[in-house]
Amino acid sequence: MLHIQTPLIQSLSIPQNSDTKVWLKLENCQPSGSFKVRGVGNACEYYIQHGAKKLYASSGGNAGLAVAYCGRKLNVPVTIVVPKTTKQKAIELIEQEGAKVIVHGDVWFEAHEYALSLLDDESAYIHPYDDPLLWQGHASMIDEVVEQGVTPDAVLLSVGGGGLLLGVAKGLEKNGLSDIPVFAVETIGADALAQSMSLNKRISLDAISSIATSLGASQVAESAFELTKTGRVMAISVEDSDAVDACYRFLNEHRMLVEPACSASLSVAYHHKHNQLKHYRNILVIVCGGVGITPTQLDNWKKHFKL
Ligand SMILES: *Cc1c(COP(=O)(O)O)cnc(C)c1O
């Protein structure tokens, strides 16, 4: 097992009515800085047990970092192909884990295709969100929540390509909670799930215009779109400025710095306008984390959005 058991704490500062408890699953405490290591760890271990000797991935974000982390722990060489838009800081973090970084392509899809072209019989490719092995690994966070003594009646989480959503849905199902609602939060400009749901067809965004780059999958996994047909998934889109505001509040109140991709979910808990939540008594918020944030970056976003 490559992930750690993360704390589950009750937030007293996130305003809700007095009958509601808000529980924070602190996946930002994972060794790779995000929940990704749960699924990625599960997939890496599986592929290596089945003969893989090298690992490849194509993300300059938290998925790439998780693969690099797992490769170091498992003693297997890792190559991460990242698009040209990837920040130097992200490349350094991946290299710090001992992985090789190749910069290729203008967008994620080009890096992804190039990584696939490098595979041979001894390599395994770790997709950032679309692999049942990832969902199985992510599901462990719900097992933990239940073991930690909390039975949620609603879940709030962020959606990029939908891997976290699929994993949480799997975990809820395993624990007899498959009928509780899952509020799936995206930022406007990275809202491929919300747009697909409203058009009743899995669409592909032409461009990602949100600052929450970890939510910037142009299309959600087919299985994620299929899951929405159960009627248990409620899509919510928030403004980038709401995510930045929630990021800052979370830092002030809980002393933890997370990406806007993560605070997008927190913003729904913070803002009373989303009163769909007021009927629930035990709301579980997945604090998915993310390493793509610094105090300076947060300051710059705060100024940009005049907060
Ligand atoms: C990957 C990631 C997401 C989105 O997860 P998906 O599985 O792509 O939906 C959200 N927040 C953070 C911090 C992430 O690393």
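Values below: every heavy atom of this structure, side chains too, minus hydrogens, waters and symmetry copies. Remember, predicted model here, so these are calculated numbers, not experimental data. Note that ligands are numbered from 1 as they come in the structure, with each ligand's atoms numbered from 1 the same way.
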Participant: Please report whether ligand 1 has a polar contact with Y129, defined as an N or O pair separated by less than 3.5 Å (distance criterion only).
Facilitator: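 The answer is no, given that Y129 and ligand 1 share no N or O pair closer than 3.5 Å.
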
Participant: Nearest protein heavy atom to atom 11 (N) of ligand 1, by residue and atom, and its distance?
Facilitator: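 Among all protein heavy atoms, the one nearest atom 11 (N) of ligand 1 is C288 SG, 3.2 Å.
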
Participant: Please indicate whether any nitrogen or oxygen in L164 is less than 3.5 Å from any nitrogen or oxygen in ligand 1.
Facilitator: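 Among all N and O atoms of L164, at least one is under 3.5 Å from an N or O of ligand 1.
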
Participant: Taking all atoms of both residues into account, what is the closest heavy-atom pair of A90 and G60, and its distance?
Facilitator: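 In this case the closest contact between A90 and G60 is CB-O, 3.3 Å.
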
Participant: Would you check whether C262 has a nitrogen or oxygen atom less than 3.5 angstrom from a nitrogen or oxygen atom of ligand 1?
Facilitator: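 No; every N/O pair is 3.5 Å or more apart.
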
Participant: Touching ligand 1 at all, A217? Heavy atoms, strictly under 4.0 Å?
Facilitator: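 Checking ligand 1 against A217, which is what was asked, there is no heavy-atom contact under 4.0 Å.
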
Participant: Check whether any N or O atom of G161, backbone or side chain, sits under 3.5 Å from an N or O atom of ligand 1, and answer yes or no.
Facilitator: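 The answer is yes, given that G161 and ligand 1 share an N or O pair closer than 3.5 Å.
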
Participant: For D206, does the CG atom have more than 12 heavy-atom neighbours from other residues, nucleotides or ligands under 6.0 Å away?
Facilitator: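 Open: at most 12 neighbouring heavy atoms sit under 6.0 Å from CG of D206.
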
Participant: Which atoms form the tightest heavy-atom contact between E253 and S13, and what is the distance?
Facilitator: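 Residues E253 and S13, closest heavy atoms: OE1-OG, 3.0 Å.
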
Participant: Ligand 1 versus L215, non-hydrogen atoms closer than 4.0 Å: side chain, backbone, both, neither?
Facilitator: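 Side chain only.
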
Participant: For the pair S34 (side chain) and G290 (backbone), establish whether a donor and an acceptor sit closer than 3.5 Å, ignoring hydrogens and angles.
Facilitator: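 It does not hold such a pair.
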
Participant: Name the closest protein heavy atom to atom 1 (C) of ligand 1, giving the residue it belongs to and the distance to 0.1 Å.
Facilitator: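 Ranked first by proximity to atom 1 (C) of ligand 1 is K36 NZ, 1.4 Å.
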
Participant: What are the atoms of ligand 1, with element, lying closer than 4.0 Å to any heavy atom of G289?
Facilitator: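 Counting from 1, the qualifying ligand atoms are 13 (C).
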
